[in-house]
Amino acid sequence: MKDWIDNENKVCAQNYYPLPFVLSKGEGVWLWDMEGNRYLDMMTAYSAVSLGHCHPRMIKVLNEQARTLCVTSRAFHTNTLCPFLEKLCAISGMDMALPMNTGTEAVETALKAARRWGYRYKKIPEDKAKIIVARDNFHGRSITIISFSSHDQSKKEFGPFTPGFIEIPFGDSEALRHAITPETCAFLVEPIQGEAGIQMPREGYLKACSQICKENNVLLILDEVQSGLGRTGQWFAYEHEKIKPDGLILGKALGGGILPVSVFLSRQDVMGVFEPGSHGSTFGGNPLAARIGLEVLNILEQEHLIERSKALGEMLLQGLKKIKHPFIREVRGKGLWVGVEIDPLQMTGRKICEAYAKNGVLTKEVHQKVLRFAPPFVIKPEEIQFAIDQFANTLNSLG
Ligand code: PLP
């Protein structure tokens, strides 16, 4: 496998730091490398593979649609888009959707919608619209999105940046109240900050934010690219607080582990700011993607995978909490999305991930110190137990 890695490194930019093996096959919760070693996938491509690798229903639909119609661009109507978006709107309670491909594009779409809505509905003076964001956010890596990142690593030497963003601490609703001015059009936030290390705000935070946004005629836009579609044991993480946002961004799992499929969903007045030519993407909403997106929603519903995420998530959380080891600082999470924070002075996340992989389980650290456990929803209880046992063994083998 070393030759493969060396050869890849010659031709592929080094903007990632993969673990040292070469994967060649996936099925359900399992992955295999080129030497035939089998690994349990607790990473699921940052939640993009929530249904598991090569889900048989996804492969069937992929084949059917691939033989029928794949890409036309939205210059033409197709018979796959409406069923997909109708179902997504019904599930989320939103009026309309704008389909894109990656999470980053859907976030960009939301930012554009919010700014225009601010100019048209709040009469914010031209070029003055402000969007409030949370510290340690992760919403993608375009120039505009990294403009409001708190992390130097993603910003260094990529300036100049896009203005118009105000950062407040995550989890502090009073900071939101104080940051709002007549120029504020939206507050963009992840209900649980994934890439910041599965950071969970206090209970009641989102509810308070929703109330503050309503009082001030500010759009509450939730980025559920990672937390949405069952990951936290509900369709959407905001359901835990019984609120409804004004805008919702989805991606990752919507592509069924096969294609990038993302959307921005919102109310009619917000989505109405887009007229022909104002925004678009050649591949957004293509027939193959739309058919796949619809099948993802059907599978989540018909195979009761969200209930499964809730029930098995509890088993995962409690099992990891039971491991007592000096490296572990905190175990936190919701649904099948658990972060284990380790003491970086005692051990690096990278070393744990490398040793864990040797014990047959794959995951990746965030910011050196949080290990994520986010398996596909089709995982079985005994496989969760395997991940927990191997994690304990891994920590014990390291010190
Ligand atoms: N928003 C959130 C919350 C994410 O976690 C990510 C990716 O990790 C993105 C947006 C960007 O998605 P993509 O990598 O598909 O562009």
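Note that ligands are numbered from 1 as they come in the structure, with each ligand's atoms numbered from 1 the same way. What's counted below: heavy atoms across the whole structure, side chains too, no hydrogens, waters or symmetry copies. Since this is a predicted model, take the numbers as computed values, not measurements.
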**Prompt:** For atom 4 (C) of ligand 1, what's the nearest protein heavy atom and its distance?
**Reply:** Phe138 CD2, 3.8 Å
**Item:** salt bridge (Lys or Arg N to Asp or Glu O under 4.0 Å) partner of Glu354, chosen from Lys358, Arg350, Lys351
**Value:** Arg350
**Message:** Does only the side chain of Lys252 get under 4.0 Å from ligand 1, or the backbone, or both, or neither? Count heavy atoms.
**Reply:** side chain
**Asked** Do any N or O atoms from the side chain of Ser262 and from the backbone of Gly251 form a donor-acceptor pair under 3.5 angstrom?
**Response** no
**Prompt:** Hey, which atoms in ligand 1 end up nearer than 4.0 Å to a heavy atom of Val225?
**Reply:** 1 (N), 2 (C), 4 (C), 6 (C), 9 (C), 10 (C)
**Item:** Pair Arg231-Ser50, side-chain donor/acceptor within less than 3.5 Å
**Value:** yes
**Request:** Using modelled atom types only, decide if a donor and an acceptor are shared between the side chain of Tyr39 and the backbone of Thr363 within a distance under 3.5 Å.
**Result:** no
**Asked** Checking Glu383 side chain against Lys380 main chain: does a donor-acceptor pair fall under 3.5 Å?
**Response** yes
**Request:** Using a strict cut-off of less than 4.0 Å between a Lys/Arg side-chain nitrogen and an Asp/Glu carboxylate oxygen, indicate whether Arg177 and Glu215 qualify as a salt bridge.
**Result:** yes
**Message:** Checking contacts here: is it the side chain or the backbone of His139 that comes within 4.0 Å of ligand 1, counting heavy atoms only? Could be both or neither.
**Reply:** backbone
**Request:** Please confirm whether Gln226 comes within less than 3.5 Å of ligand 1 when only nitrogen or oxygen atoms on both sides are compared.
**Result:** yes
**Complete:** heavy-atom search around atom 12 (O) of ligand 1 in the protein gives Gly103 CA, 3.4 Å
**Request:** For Thr102, take its heavy atoms, then give the atoms of ligand 1 lying under 4.0 Å from any of them.
**Result:** 15 (O), 16 (O)
**Item:** Thr104 N/O under 3.5 Å from ligand 1 N/O
**Value:** yes
**Message:** Below 3.5 Å, N or O to N or O, backbone or side chain included: is there any such pair between Asp223 and ligand 1?
**Reply:** yes
**Asked** Distance only, no hydrogens: is a donor on one side chain within 3.5 Å (strictly under) of an acceptor on the other, for Thr232 and His240?
**Response** yes
